[in-house]
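Following: one structure in structure tokens, then a few remarks.
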Amino acid sequence: MSTVSPTTSTTPGTSSSTSGNAMQQLSGNFDTFLQLLTTQLQNQDPTSPMDTNQFTQQLVEYSQVEQQIDTNTNLTTLIGQGTSQSAAYATSYLGKTVTVSGGQGALTDGEASWNYNLGAQASSAVLTVTNASGQTVYTGQGSTNQGANSFSWNGQDNNGNQLPDGTYTLNVAASDGSGNAITSAVTSSGQVSEINMTNGTPQLTIGSMQVGLSGISSVTN
């Protein structure tokens, strides 16, 4: 018996329009399949009836594909709802001052500042600033006090070249008099001026950098 194979994409997150097109294609293929089956049944040899196993398997395949299309459509709907909820939640950050963890900071108009906390009094605290590509652009000595410390940077590398505004990361390597490492935590802060949803997930614009919600450790009015 001639057959028409069902086809569709099984990639999660398929758009609703793609799922709709897949369902239309499946429906058209199924109609063609029924027409072929009906024609063959009408013209079969009564003394040698056709084997029903083949078209029964075909019907099962169509059912499975239809279920997969429905699953993809439902998944797309859930993802869309989750994205909308995240965007709505992110708008509550607009105009507020947030603390960014992980060492990221914004160099804006040639100025950037960080706070870092040392777990104990240090004899040395080496500050290293890297750019968005991970390249070291500045190295210097910082305050060694136990507890809260701050660092302001003018955006110049060690050769005095002014670097462009953007996102930079501060790393603090502190040690005591015996060379033992001392724990440190680096943060920066700034006001959220915009929510960027271009890539589907909220990115908070703080000065000249963008940070995801997971990078925010605190919020103040």
Side-chain angles (χ1 to χ4, degrees), residues 79 82-83 85-221:
I79 292 175
T83 300
Q85 291 174 354
S86 296
Y89 176 70
T91 57
S92 66
Y93 286 85
L94 281 172
K96 295 182 179 179
T97 299
V98 298
T99 299
V100 181
S101 58
Q104 282 188 312
L107 178 65
T108 304
D109 297 330
E111 295 182 359
S113 61
W114 288 269
N115 297 310
Y116 62 94
N117 190 289
L118 297 181
Q121 180 68 34
S123 63
S124 173
V126 179
L127 309 183
T128 302
V129 178
T130 56
N131 59 21
S133 299
Q135 299 172 321
T136 298
V137 295
Y138 172 85
T139 301
Q141 289 289 329
S143 175
T144 58
N145 297 324
Q146 179 179 6
N149 298 273
S150 62
F151 170 61
S152 295
W153 182 48
N154 60 6
Q156 294 181 359
D157 63 17
N158 289 110
N159 295 320
N161 300 310
Q162 186 64 48
L163 301 177
D165 287 355
T167 301
Y168 292 83
T169 301
L170 174 67
N171 179 70
V172 179
S175 58
D176 61 18
S178 300
N180 299 313
I182 295 176
T183 58
S184 62
V186 183
T187 61
S188 65
S189 61
Q191 189 177 63
V192 178
S193 61
E194 180 183 345
I195 309 298
N196 190 331
M197 290 292 298
T198 302
N199 295 323
T201 57
Q203 294 290 311
L204 310 183
T205 300
I206 306 165
S208 55
M209 72 173 175
Q210 292 190 345
V211 181
L213 295 177
S214 62
I216 306 301
S217 58
S218 66
V219 184
T220 57
N221 290 323

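In this chain, numbering begins with 1 at the start of the sequence shown.
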Worksheet item: Is there side-chain contact between T97 and V219, with heavy atoms separated by less than 4.5 Å?
Response: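 The answer is no; the side chains never approach within 4.5 Å.
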
Worksheet item: Are S124 and Q141 close enough, and set up right, to give a side chain to side chain contact (heavy atoms under 4.5 Å, CB included), and what steps lead you there?
Response: CA-CA 7 Å; S124 173; Q141 289 289 329; 3.6 Å; yes

Worksheet item: Would L127 and Y116 satisfy side chain to side chain contact (heavy atoms under 4.5 Å, CB included), going step by step from the backbone distance to the final call?
Response: CA-CA 10 Å; L127 309 183; Y116 62 94; 4.1 Å; yes

Kindly list each side-chain donor-acceptor pair under 3.5 angstrom involving residues 100-108, sequence neighbours excluded, with atom names and distances?
unit_1	atom_1	unit_2	atom_2	d
S101	OG	G215	O	3.4
T108	OG1	S208	N	3.3
T108	OG1	S208	OG	3.4

Worksheet item: Does Q146 reach the main-chain N or O of L118 with its side chain, forming a donor-acceptor pair under 3.5 Å?
Response: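 Not a single qualifying donor-acceptor pair exists.
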
Discussion item. Check whether N131 reaches the backbone of S133 with its side chain - one donor and one acceptor, N or O, closer than 3.5 Å.
Written reply: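 Confirmed, N131 side chain pairs with S133 backbone.
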
Side chain to side chain contact (heavy atoms under 4.5 Å, CB included) partners for [X], two or more places apart:
| X | value |
| --- | --- |
| N154 | Q156 |
| N145 | Q121, S143, N149 |
| T136 | T128, T130, T139 |

Working to the nearest 0.5 Å, report the span between [atom1] of [X] and [atom2] of [Y].
| X | Y | atom1 | atom2 | answer |
| --- | --- | --- | --- | --- |
| W153 | S113 | CH2 | OG | 12.0 Å |
| S152 | N115 | OG | CG | 8.5 Å |
| I195 | Q210 | CD1 | CD | 9.5 Å |

Practice prompt. Could you go through the side chain to side chain contact (heavy atoms under 4.5 Å, CB included) check for L213 and Y93 one step at a time?
Written response: CA-CA 10 Å; L213 295 177; Y93 286 85; 3.7 Å; yes

Discussion item. Determine whether T205 and V192 satisfy the following criterion, side chain to side chain contact (heavy atoms under 4.5 Å, CB included), listing intermediate values before the conclusion.
Written reply: CA-CA 6 Å; T205 300; V192 178; 5.9 Å; no

Practice prompt. Scan for ring pair (Phe, Tyr, Trp, His ring centres under 6.0 Å) pairs involving residues 171-221, sequence neighbours excluded, and state none if there are none.
Written response: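 Applying ring pair (Phe, Tyr, Trp, His ring centres under 6.0 Å) to every pair that reaches into residues 171-221, excluding sequence neighbours, yields nothing.
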
Worksheet item: Which pair of non-hydrogen atoms, one from K96 and one from T220, has the smallest distance, and what is that distance?
Response: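 Heavy-atom minimum between the residues: CB-O, 3.4 Å.
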
Worksheet item: Which heavy atom in D157 sits nearest to a heavy atom in V137, and how many Å separate them?
Response: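 Looks like CB-O, 3.0 Å.
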
Below 3.5 Å, can you tabulate the donor-acceptor pairs from side chains in residues 165-176 to any protein atom, sequence neighbours excluded?
unit_1	atom_1	unit_2	atom_2	d
D165	OD1	D109	N	3.3
D165	OD1	G110	N	3.2
D165	OD2	D109	N	2.7
Y168	OH	P164	O	2.7
D176	OD1	S178	N	2.9
D176	OD1	G179	N	3.0
D176	OD1	N180	N	2.8
D176	OD2	N180	ND2	3.4

